[in-house]
Amino acid sequence: MKKTTLVDGSQIFCIAPTEGQMLYEHISGYLEHDLIDIEEGDTIIDVGANIGVLGIRLSKMFTNIQIISFEPIGEIFRVLEKNVELSQNKKFETFNWGISDKQENINLTYYPNSPALSTANPDIWSSDEELLIALEGNLDNPPSNWWWAKYIPKFLYPYIVTRLRKNAKIMRCKLKTLSMSIEECGIQNIDLLKIDCEGNELKVFKGIEKKHWPLIKQIVTEVHDIDGRLEYICTMLKKLGFIVSVVSEPSMEKTALYNVYAKQSNF
């Protein structure tokens, strides 16, 4: 199993080393937002945990923090489990299912060369143009240890995009609702709900029963703004009593990807 070195000098297990480093940058952005406040003893729910970068980062920042992570794709989940061991956080738990609006088994598309693109909605990455924009944004705003990024000529970008999608696999995966998972895992409160599930974020919200919304204090979710989804989610969260902020990361400014941050107004 591969390892990669992050900006802070620590090492984690990964599938694609550069992707692991970029995930660390995204997680750093989440934690730096003004609406997000994490403290000792908090419970974090990580939907679409991937290899567990959020859990690794928080386990280094706090001595007492509970991380409950959900990752449906087996090959990614095995790396997540290794990173849980690496974290030495006994309250870092992992579950091998995804979160959606109902319980079912479905086919997910897994991209071995870029696991973070793996999705139940492969159509969102069918356009070369969208991926090229995302790639250019990442290379224009790289992690500080990507000294080599500025030397990659743009004529190679289409080749890189083709490689990212190469050898895609269809994986049969289990899904459950967040409310089912809350009850099955005995979750009493959610200080931060993080959602990054490549186009399935609206279904995650629709799978939360009314009785469980009061448990959720803060949210950060990546939103693919398809068919007015961004406005719909923001309006829904405001009606539920959340203060909402929308951010377009520098690396994603020209894409339809946004980060939505939400915090209960009474928290």
Side-chain angles (χ1 to χ4, degrees), residues 26-27 29-50 52 54-55 57-59 61-72 89-104 174-225 228-247 258-267:
H26 291 316
I27 293 302
Y30 293 165
L31 301 179
E32 290 166 5
H33 193 277
D34 291 342
L35 280 184
I36 302 303
D37 181 26
I38 300 174
E39 300 177 349
E40 291 285 355
D42 279 355
T43 296
I44 314 300
I45 305 301
D46 192 355
V47 174
N50 201 281
L54 176 63
R57 180 77 186 274
L58 292 177
S59 295
M61 293 173 63
F62 301 96
T63 57
N64 176 29
I65 193 136
Q66 182 178 27
I67 315 291
I68 302 175
S69 298
F70 300 98
E71 173 53 51
N89 179 0
K90 294 181 180 179
K91 297 173 71 176
F92 191 165
E93 302 175 72
T94 61
F95 297 93
N96 189 198
W97 64 77
I99 304 297
S100 190
D101 59 348
K102 60 184 176 181
Q103 182 174 12
E104 61 180 340
K174 182 190 301 182
L175 301 181
K176 300 182 182 183
T177 69
L178 187 57
S179 281
M180 291 175 64
S181 302
I182 286 170
E183 294 182 352
E184 187 169 335
C185 300
I187 298 168
Q188 300 299 313
N189 61 282
I190 302 172
D191 296 289
L192 176 65
L193 169 62
K194 171 256 179 182
I195 305 168
D196 185 356
C197 50
E198 302 306 318
N200 215 47
E201 56 277 354
L202 183 54
K203 288 186 176 181
V204 173
F205 287 123
K206 288 184 175 181
I208 302 174
E209 296 175 21
K210 184 177 180 180
K211 65 181 178 180
H212 290 132
W213 275 106
L215 301 180
I216 305 170
K217 296 178 181 178
Q218 302 173 107
I219 299 169
V220 56
T221 178
E222 182 181 85
V223 174
H224 290 247
D225 190 19
R229 185 180 299 170
L230 178 64
E231 182 179 359
Y232 181 93
I233 287 175
C234 290
T235 300
M236 176 194 68
L237 292 174
K238 289 174 183 176
K239 287 180 178 178
L240 287 164
F242 287 88
I243 300 167
V244 177
S245 173
V246 178
V247 174
Y258 296 86
N259 289 337
V260 173
Y261 298 86
K263 186 173 189 173
Q264 280 284 3
S265 56
N266 60 356
F267 175 56

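The aromatic rings of W97 and F70 are tilted relative to each other, their planes meeting at an angle between 30° and 60°. In this pair, W213 and F242 present their aromatic rings perpendicular. The plane angle is above 60°, beyond the 30 to 60° band.
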Worksheet entry | Intermediate values then yes/no, side-chain contact (heavy atoms from CB on, under 4.5 Å), I187 and L215 | CA-CA 9 Å; I187 298 168; L215 301 180; 5.5 Å; no

Worksheet entry | Residues I68, I44; criterion side-chain contact (heavy atoms from CB on, under 4.5 Å); working and verdict | CA-CA 6 Å; I68 302 175; I44 314 300; over 6 Å; no

Practice prompt. Go through the steps to decide whether C234 and V246 satisfy the test side-chain contact (heavy atoms from CB on, under 4.5 Å), and finish with yes or no.
Written response: CA-CA 8 Å; C234 290; V246 178; 3.5 Å; yes

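Checked by atom type and distance alone, the side chain of S179 pairs as donor or acceptor with a backbone atom of E209 at under 3.5 Å. At least one donor-acceptor pair under 3.5 Å links the side chain of D42 to the backbone N or O of E39. Remark: the backbone N or O of G199 is paired with a side-chain donor or acceptor of R229 at under 3.5 angstrom.
Across all their heavy atoms, L237 and V244 have their closest contact at CB-CG2, 3.8 Å. Of all the heavy atoms in S181 and I99, the pair that sits closest is OG-CD1, 3.3 Å. A pairwise comparison of heavy atoms in K194 and A49 identifies NZ-CA, 4.2 Å as the closest pair. Heavy-atom minimum distance, Y261 versus L35: O-CD1, 3.7 Å. When all heavy atoms of I65 and L58 are compared, the closest pair comes out as CG2-O, 3.8 Å. Shown here for F92 and G52, the closest heavy-atom pair between the two residues is CZ-O, 4.1 Å.
Within the 4.5 Å cutoff, side-chain heavy atoms of E222 are placed close to those of E198. Using a 4.5 Å heavy-atom cutoff, the side chains of V260 and V220 are not in contact. Between D196 and Y30 there is a side-chain heavy-atom pair separated by less than 4.5 Å. Using a 4.5 Å heavy-atom threshold, the side chains of L31 and M61 count as touching. Looking only at side-chain heavy atoms (C-beta outward), T177 and K206 stay at 4.5 Å or farther from each other.
No side-chain donor-acceptor contact under 3.5 Å links K174 and N96.
Atom-to-atom distance recorded for I216:CD1 and L192:CG is 10.5 Å, nearest 0.5 angstrom. With rounding to the nearest 0.5 angstrom, the CD atom of E93 is 7.0 Å from the SG atom of C185. The CG atom of D101 sits 8.5 Å away from atom CG of L202, with the distance rounded to the nearest 0.5 Å. A distance of 9.5 Å separates OG1 of T63 from CG of N89, quoted to the nearest 0.5 Å. Note that NE2 of H212 is 13.0 Å distant from CG of L193, once rounded to the nearest 0.5 Å. Note: C197 SG to E71 CD = 10.0 Å, rounded to the nearest 0.5 Å.
When each of E183, E184, Q103 is paired with K176, the side-chain hydrogen bond (donor to acceptor under 3.5 Å, both in side chains) condition holds for E184 and for no other. Checked options Q66, K217, Q218; the residue passing with D191 is K217 (criterion: side-chain hydrogen bond (donor to acceptor under 3.5 Å, both in side chains)). When the options V247, T221, L230 are evaluated for a side chain to side chain contact (heavy atoms under 4.5 Å, CB included) with Y258, the one that passes is L230.
For Q188, the CD atom counts as loosely surrounded, since its 6.0 Å shell holds 12 or fewer non-hydrogen atoms of other residues, nucleotides or ligands. Residue D34 qualifies as open at atom CG: its count of foreign heavy atoms under 6.0 Å is 12 or below.
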